[in-house]
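Just so it is clear: chains get the letters A, B, ... in the order the sequence lines come, proteins before strands, and each one is counted from 1. Since the structure is predicted, the reported quantities are computational estimates derived from the model, not experimental observations.
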Amino acid sequence: MLTTAPRGMNDVLPGESRRWQAVEETARRVCRLYGYGEIRTPVVEHTEVFTRTVGEATDVVQKEMYTFQDKAGRWLTLRPEGTAPVARAYLQHGLDKGPQPFKVFYLGAPMFRHERPQAGRYRQHYQFGVEALGTLDPALDAEIILLVHHFLSELGLGSLRVHLNSIGDERCRPAYREKLRDFLRPRLEELCPDCRGHRFEKNPLRILDCKVRTCRAVVREAPRLLDHLCDECREHFRTFQSYLKDLGLEFRLDTSLVRGFDYYTKTVFEVVYTGLGAQSAVCGGGRYDGLVEALGGPATPGIGFGLGLERLLLTLERQGLLAAEAGAGVEAYVCALGALARRQALGLLDGLRRAGVAADVDYLGRSLKAQLRAADRAGARLALIVGEDELARGLVTVRRMADGAQDQVALAQVVATVARRLAGQADAASEVATRASGSPRGEEKP
RNA sequence: GUGAGCGUAGCUCAGCUGGUCAGAGCGCGGGACUGUGGCUCCCGAGGUCGCGGGUUCAAAUCCCGUCGCUCACCCCA
């Protein structure tokens with residue numbers, strides 16, 4: 001089938017792409033406010049970048065990666081996430097020797113996961129991600145949360161819930177893991193098959209956020225990881241939370257919050273919107289103090305998040321915060337009648353564009369009526385009509401679309417006049433009104 | 001990988017107790033207004049009814065298969 005995109009991969013058409021641009025512009029602006037520079041890494045990485053960091057046992061690595069061999073036999077993978085590549089670039093370019101923390105964001109390039117698509121989940125999807133490497137300071141954890149919150153607020157989403165937890169590090173988590181196993185072992189019968197089986201063996205922490213009712217009942221009695229953190233992790237988490245409180249940022253402690261990648265340590269968080277269906281996490285992230293080391297670099301702490309743009313757009317839509325789909329945003333539309341006029345019109349069009357006026361023209365040889373309709377749909381504020389009458393007298397009819405007022409301007413002056421009227425709307429209104437010759441019959445559009 | 005629902009014009013869908021069933025609204029093109037948009041009215045273009053097979057005198061309508069989409073599980077942004 002040559003007429004459908006691959007499963008779970010979508011086109012973003014012009015009408016919709018403006019919404020994406022609005023979100024992306026906001027992201028860039030906020031990142032600049034917080035001192036984060038943009039990083040662009042390849043869409044493809046050596047497979048090991050992910051297997052050694054995300055974790056061999058995770059679902060993403062085991063069954064969701066697009067992995068292939070190139071012609072030289074190297075194993076490559078379409079990146080399923082954005083943090084490991086950033087850490088790789090950090091090492092490759094010796095950025096650990098530069099000023100710390102190293103603060104970057106990424107935006108605009110896709111991630112790939114081979115899963116069954118559903119609402120808010122796609123095989124090719126886009127994330128806005130922010131990473132800060134090189135310091136353990138809990139104030140940076142707070143900054144990251146603040147940045148997300150700031151970003152979402154700018155889009156009108158101030159009220160999303162922030163879930164927080166700490167999952168310890170390599171000093172305290174192994175001991176807790178055993179404690180949890182000890183607790184669960186006598187209750188295995190009460191757990192669901194998934195939890196009873198591979199989760200208990202490979203990653204018992206995942207049982208903490210299993211959604212099966214019986215599992216949740218068991219887990220409610222389980223020892224809490226938060227109560228078994230080592231001194232450093234406990235102190236880090238305590239300080240981090242106190243910063244958030246000082247800053248007045250609301251959050252909710254969620255002791256069952258466990259993230260799906262092995263590289264997470266200490267702070268983990270999610271920003272949740274329940275109106276999305278099953279995929280409620282709009283944003284997820286946390287600290288990854290062992291990640292750089294796992295790639296063969298020096299022990300280097302880091303923290304960051306990924307924010308799913310499709311999910312964000314979906315959330316904005318559900319909340320009624322999206323602008324209507326818009327046209328190309330042309331300011332002036334040139335209407336030509338007849339072959340000779342058309343010649344004139346193309347020159348006029350070129351002049352307008354070079355003067356910085358977004359302009360378009362009819363390419364279908366349509367009637368004036370149809371050309372004006374096209375001008376209307378394109379969102380043009382002015383229509384410039386060149387017909388035989390105008391041609392003969394060296395004039396152009398300038399029609400204001402909002403109310404139909406129109407006058408005639410000498411061809412040589414049109415570009416300057418149009419530019420001036422578009423620049424100063426009030427001036428243009430009075431200017432045209434005094435010389436109006438058109439018949440204002442429609443009401444103004446909203 | 002598992003389960004459920006759905007696949008009819010560009011879009012949203014009606015038609016589905018088998019026999020004027022190939023339709024509506026929106027969109028698109030044209031006209032009413034021989035050179036003037038948004039409103040109204042009129043006309044028009046556009047569909048192998050996802051695909052393949054079966055049942056039947058007859059299938060968009062029933063059955064089987066297949067592909068695709070959607071939602072959910074798993075997991076995640």
Practice prompt. Have a look at A:Ala370 and say if it touches a base, only the backbone sugar-phosphate, or nothing, with a 4.0 Å heavy-atom cut-off.
Written response: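 Here A:Ala370 touches the backbone only, sparing every base.
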Atom [atom1], compared across [N] and [M]: separation rounded to whole Å:
N: B:rU8; M: B:rC13; atom1: P; answer: 9 Å
N: B:rC49; M: B:rA22; atom1: P; answer: 12 Å
N: B:rG30; M: B:rC67; atom1: P; answer: 44 Å
N: B:rC26; M: B:rG46; atom1: C1'; answer: 14 Å
N: B:rC11; M: B:rC69; atom1: C1'; answer: 16 Å
N: B:rC41; M: B:rA24; atom1: P; answer: 15 Å
N: B:rA9; M: B:rG23; atom1: P; answer: 14 Å
N: B:rC6; M: B:rA14; atom1: C1'; answer: 15 Å

Among [options], which nucleotide has an atom closest to any side-chain atom of [X]?
X: A:Arg116; options: B:rG3, B:rU36, B:rG29; answer: B:rG3
X: A:Leu368; options: B:rG35, B:rA72, B:rA77; answer: B:rG35
X: A:Arg7; options: B:rG29, B:rA72, B:rU70; answer: B:rU70
X: A:Asp376; options: B:rC73, B:rA77, B:rG38; answer: B:rG38

Item to complete: Runs of at least three consecutive Watson-Crick or G-U pairs, both distances under 3.5 Å, are what I'm after; which ones involve RNA chain B?
Response: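 Counting only runs of 3 or more consecutive pairs, the stems involving RNA chain B are B:1-7 with B:67-73, B:10-13 with B:23-26, B:28-32 with B:40-44, B:50-54 with B:62-66.
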Worksheet item: So, A:Glu178 and A:Arg181, do they make that salt bridge, N to O below 4.0 Å?
Response: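 So A:Glu178 pairs with A:Arg181 through a salt bridge.
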Discussion item. Could you check whether the side chain of A:Glu390 and the base of B:rG35 have a donor-acceptor pair of N or O atoms closer than 3.5 Å, going by distance alone?
Written reply: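 Indeed there is one.
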Worksheet item: Under 3.5 Å, is there an N or O donor on one side and an acceptor on the other linking the side chain of A:Gln371 and the base of B:rU36?
Response: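 A donor-acceptor contact between them is absent.
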Report the distance from atom [atom1] of [X] to atom [atom2] of [N], rounded to the nearest whole Å.
X: A:Gln118; N: B:rG5; atom1: CD; atom2: C1'; result: 14 Å
X: A:Leu337; N: B:rG35; atom1: CG; atom2: C1'; result: 5 Å
X: A:Leu340; N: B:rG35; atom1: CG; atom2: C1'; result: 16 Å

Discussion item. For A:Phe305 together with A:Phe128, are the ring centres under 6.0 Å from each other?
Written reply: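 Aromatic pair counts; centres sit under 6.0 Å.
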Worksheet item: Is the A:Trp20 to A:Tyr126 ring centre distance short of 6.0 Å?
Response: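 Yes, they do, as the ring centres are separated by less than 6.0 Å.
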Discussion item. Evaluate A:Trp75 against A:Phe68 for side chain to side chain contact (heavy atoms under 4.5 Å, CB included), listing each step before the verdict.
Written reply: CA-CA 6 Å; A:Trp75 284 103; A:Phe68 60 95; 5.7 Å; no
Practice prompt. Provide the closest heavy-atom pair for A:Ser166 versus A:Thr267 in the form atom of the first, atom of the second, distance.
Written response: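 Residues A:Ser166 and A:Thr267, closest heavy atoms: OG-N, 4.3 Å.
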List the atom pairs, donor and acceptor, that lie under 3.5 Å between side-chain atoms in residues 384-393 of chain A and the rest of the protein, sequence neighbours left out.
from: A:Glu390; atom 1: OE1; to: A:Gly387; atom 2: N; distance (Å): 3.0
from: A:Glu390; atom 1: OE2; to: A:Thr397; atom 2: OG1; distance (Å): 2.6
from: A:Arg393; atom 1: NH2; to: A:Gln408; atom 2: OE1; distance (Å): 3.1

Worksheet item: In this structure, which one of A:Glu131, A:Glu143, A:Glu38 forms a salt bridge (charged side-chain N to carboxylate O under 4.0 Å, His left out) with A:Lys103?
Response: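 Exactly one candidate clears the test, A:Glu143.
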